[in-house]
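Here's the structure, in structure tokens; my notes come after.
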Amino acid sequence: MAAECVPEGPDLKEMGDEDVWELINDNRHRISLGVKPCMLIPYLRQARVLTEMDEDEILSSLKLTNRSMRTSHMLDLLRIQGRNGAMALLESLMIHYPALYTQVTGRKPSTEPSGFSGLIKCSDLTEYLVRAVTGMQKELQEARQEASRLGSRCTSLEVELGQTLEQQEEARRLKADHGRMRNNLAAAQHDILKLKDEKCDLYVRYTAAIEERSAANIHCSDLNLQVYQLQFELRKAQTETDFERQRSLKCTTPSETQQLREEISTLRRQLLVAEKFTPAREDILAQDLAEARDGRVELAEQLRCYREENEQLAREGRETVEHKECLALQVQKLTLDCEMYQQKSTVIQSQLRELQAERDHAYLSRDEAQAQIARSLAEKDTLRSQLVELQEVFTLRAWGPYRGGPDTPGERKFSWESQGSSSDSLPSSPPPRPRLRRMHAICPDSLRGCSIKSCDITPSSVRSQNVEPPCPESLRRREETLWYNRDSSETAECDALLDNDFVFIPSGNAVEQSVMSPTPSCQSNNSDGLSRASAPPFLLRSRPRAMRITGRVLTISFQGEALLSQLQVVGGNKTGVFVHQVTEGSAANTVGISSGAQILEVKYEQAQQALRMVLEDSTLEEAMWALGQVRGFCHLSLRPNQDAYEKLLLQLQSGEAMSGDSFYVRVNMSLPGGSQDALTVSCNDILHVTSTCPAGADCSWRASHVHPCQLLDLKTGNLPNYYRAQRLLIRAIEDMSFQPMTLRKAQDKKKTVRIVSTGRQGRNPLWVCVEDSKDKSTGPGDASAPRGCLTLMPYTLVTPHYPPVCRPVLLLPTILGRVLDQKLAEWQGFQLCEPELLSSSEHAARLQRSEVLEECEQGGQRCYTLQSVERVMKQGTHCVLPLGLDCVRRLHRAEIFPIIIFIGHSKCRARKLKSKLQRQGWSEEQLLECSRSEESLLDKLPCLYRSVSPDSWYDKTTLLTTLRSIIWEEQKKIVWVEPDLW
């Protein structure tokens, strides 16, 4: 609408080249700011004023850093094209930027064909305009969608604004309430101060009253003393009076009476003098009274100190009694364990003696069986010679009627089917005497479908030709030859024919010719060979395939197609996997598999590879997966174990056990409890898995939390199995990699994932161990041998250990451990590990036996050894280890499990230890760097560790107190150790 108000400008077709470009250059700044080159280039390319190189240069050049520079460079390139470039530019502006086109040219934009210069054909122009209109419609639709989205966003923001206003009003009201409550609190505090002042006044008055009472008591005691003295004097005076009265009665002389009166008056004067106190004596008595009062206060203070010490000693005494009771319980437990171990040792020794007796008996039985086999073979050779003689008689009788015939010897072939042939096909003389010899147990008919090269019969052949019984090595070679050189279909066909003891061979090379003949026609054309059909029936002896017995283990071979549909299994890694039910009429039922047999291993062939799966200590989930892989002929190794099977059934029926699985794992990730029956676990939790195939829960395990100090199951629930948990672990790691750094640091405070790499780990009951034929060719020390292990482990198998009374203590990070080790060793019950001075030879010997934990930093032959740690532990004290993380695995190999405590740090806590660090020659930055580097290595330890957060301590004294309580708690716990994955 704005374009209609613009006056018409000059006609562009009538303008010259310079005029058109002058018009464009006048508006060059406006075009450079308002035009996107990517929108105009398609039209300019179609008008052939720009090439593909020009387009790449405009859009991809590194020198053109912004849109204005690209537009300006495009105008320069179009200037080279002259009038065509200018007209193409203006037409593209008319299509894509009609307002800008009007501002530049002063003309209204028009999409009529007459308004274009003719650089593009009419059809191409129409097509381009259609595409441009379509693009504009799409842009308009997107703009409308964006407008609707912004409108909805605006509506939501208005709603949020209303909520924010309400929250602001609520906050204002809360602020007013807060001010009112603060005023009330200030008034209450003022009242409390008044009450405290009144209480202090009362305390002063009470103290003054107590002093007045004590003064009154002292005055009362003085008065009582005076009364007592007066009473004493009164009794004395009465006594004297009585005495004088008696004496006066006796002495009648006046002189004596006068003398007595004078003595009485003298005594009274002395008494008056004694009753009066002198000022000096009063001062002395007042000073003695003040000293007595001060001594009384001091005695009261000492009495209070003695009471506090008495209470502290009573608490320590109670703690000592509790510690003594714990030690007594541990002594009783160790005594019971020792007695149990002694009983187990006695039982094992008795069983060992029984096994030795059974072994001797088995050796005797083997010798007897070998002798019996030798006798049987000798009898067989005797019967064979008799058979040859009978055959000669039979042959002579068969040839008797034809001896007088005209045929010459050697013109006819002998055949066992010659009785049905014509008279002229019969030989004129009997053939040479055929001989019998033992074959390699290979029947010619079983090899019709394949070509086998002849080979010489050597003593090292798989099939023995001697009369002695075959050795175990020969039996093993026979089994390997049958297993690896024939596929499953040929094995099923040849099993019934491999046990033929002998066949009839007419000549020396007949064996090779009969074996090399691929078809019956070739056998009929062979002049010296005999077909199987032509052999007499009494020479073709066969027997069904027998089960190979190795000790008490039976190996049964049968067609195991859909093996889990033929039999059901129960059990697990704790009890073993047993056959529970066998389907009637199946192949497993036909070969004699029954309930109660323990499955030890299964062998089968898949993708032309022989696979072997050991199920002796596998879980039920692993066993069902392994048996489900069988798709054809298989070998099943069974062991009759009816007692263990019945015991397992009783446990399952009584509810004592959910399955035969029982093992402990350490969780390497946090799993929230989604459903009602799901178990919520955190990283580094210890779980007891009691069933790997719970009913009604696919891809789940049944597990329980474990009590930290006893092997007791706590809360029970479902848990993702190993493979599903591995996928969850990978997803958690991916989510963590895309999280912002602030959120990741917040989650690091509470560990959610522990990365564990298995390395070259052996067999683990958490996954299936599959061995194929290629694995057998690699030795145990071959580093290139393929191992069926995984890289990330959501669960790690752990075993419980019960440590001795006092475990060693390892403080981390190492720099802080050097500072705290000496202080911790000064406490009662702790002792610092001292290095030993070793000679060169002794140092080399102990280093070879892995008894050296760490070298001293001072150099020389001083080092920390296992023996020094064991000496401290035997004294019943905690050995403080001034070592690093490398000593943990060496201690574990020696069955020593230290308490590992990692002390968390921050810059604030490091500054409080600055003076201690400077005494040792370290700085705060070195402490923080050591803490970060060693914290990343803690997840690789095969055991649990304890962390101390920086907020739980504020100085060295509180840190040592916290460490002592942590050591006391960790000493009571069970130590869970992983297998060494490195």
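Because the structure is a prediction, the values reported are computed rather than measured.
A 4.5 Å side-chain heavy-atom check between P800 and W976 finds at least one atom pair inside the cut-off. Counting heavy atoms from C-beta outward, I593 and L638 have side chains that approach closer than 4.5 Å. For the pair W625/E621, no side-chain contact is recorded, criterion being any heavy-atom separation below 4.5 Å from C-beta on. In this structure the side chain of C683 reaches within 4.5 angstrom of the side chain of R754, judged on heavy atoms. Two residues are said to be in side-chain contact when any heavy atoms from C-beta on lie closer than 4.5 Å; Y795 and N668 fail this criterion. Counting only heavy atoms from C-beta outward, the side chains of M613 and E601 never approach each other to under 4.5 Å. Two residues are said to be in side-chain contact when any heavy atoms from C-beta on lie closer than 4.5 Å; H580 and Y645 meet this criterion. Under the 4.5 Å side-chain criterion, counting only non-hydrogen atoms from C-beta, R631 is not in contact with L563.
For residues 658-667, every residue pair satisfying the salt bridge (charged side-chain N to carboxylate O under 4.0 Å, His left out) rule, not counting sequence neighbours, is listed here: R666-E978.
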* Stepwise, does the side-chain contact (heavy atoms from CB on, under 4.5 Å) test hold for Q606 with Q629? -> CA-CA 9 Å; Q606 187 178 30; Q629 300 298 313; 4.1 Å; yes

* To do: Test side chain to side chain donor-acceptor pair (under 3.5 Å) on H635 and S557 and set out the steps.
  => CA-CA 4 Å; H635 301 267; S557 303; 2.4 Å; yes

* In sequence, state the C-alpha distance, the side-chain angles, and the governing distance for L671 and L728, and then conclude on side-chain contact (heavy atoms from CB on, under 4.5 Å). => CA-CA 9 Å; L671 295 173; L728 294 176; 4.1 Å; yes

* Can H688 and S662 be said to form a side chain to side chain donor-acceptor pair (under 3.5 Å), step by step? -> CA-CA 7 Å; H688 181 205; S662 178; 2.8 Å; yes

* To do: Show your reasoning for whether ring pair (Phe, Tyr, Trp, His ring centres under 6.0 Å) applies to W701 and F663.
  => CA-CA 12 Å; W701 289 351; F663 55 91; 5.8 Å; yes

* Asked: Could you go step by step and tell me if E622 and T692 meet the side-chain contact (heavy atoms from CB on, under 4.5 Å) rule?
  -> CA-CA 9 Å; E622 179 180 309; T692 56; over 6 Å; no

* Tell me, with the steps shown, if E358 and L355 meet side-chain contact (heavy atoms from CB on, under 4.5 Å). => CA-CA 5 Å; E358 292 180 0; L355 289 175; 3.9 Å; yes

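Residues S586 and T583 come closest through the heavy atom pair OG-O, 2.7 Å. Of all the heavy atoms in P942 and H892, the pair that sits closest is CG-ND1, 3.6 Å. Between V667 and S682 the shortest heavy-atom distance is CB-O, 4.0 Å.
For the atom pair Y722 OH and R727 CZ, the distance stands at 12.5 Å (nearest 0.5 Å). Note that CG of L679 and CG of L687 are 6.0 Å apart. Values are rounded to the nearest 0.5 Å. Note: L564 CG to M624 CE = 6.0 Å, rounded to the nearest 0.5 Å. Interatomic distance, SG of C699 versus CG of L719, reported as 12.5 Å (0.5 Å rounding). To the nearest 0.5 Å, the span separating CG on N589 from CZ on F558 amounts to 10.5 Å. The CG atom of L729 lies 10.0 Å from the CD atom of E734; values are rounded to the nearest 0.5 Å.
Crowding of R731 atom CZ: a count of heavy atoms from other residues, nucleotides or ligands under 6.0 Å not exceeding 12. Atom CD of Q608 sits in a sparse spot, with 12 or fewer heavy atoms from other residues, nucleotides or ligands closer than 6.0 Å.
Among residues two or more places apart in sequence or in another chain, the salt bridge (Lys or Arg N to Asp or Glu O under 4.0 Å) test is passed with R724 by none. Evaluation of the side-chain contact (heavy atoms from CB on, under 4.5 Å) rule for R639 yields V553, Q598, L600, E616 as partners, not counting sequence neighbours.
Only one option out of N573, I599, V569 pairs with L615 in a side-chain contact (heavy atoms from CB on, under 4.5 Å); it is I599. When each of T690, T716, N718 is paired with R702, the side-chain hydrogen bond (donor to acceptor under 3.5 Å, both in side chains) condition holds for N718 and for no other.
Remark: side-chain polar atoms of Q566 are paired, donor with acceptor, to backbone N or O of A588 under 3.5 angstrom. Of the possible donor and acceptor atoms, none in the side chain of T575 sits under 3.5 Å from a partner among the backbone N and O of G571.
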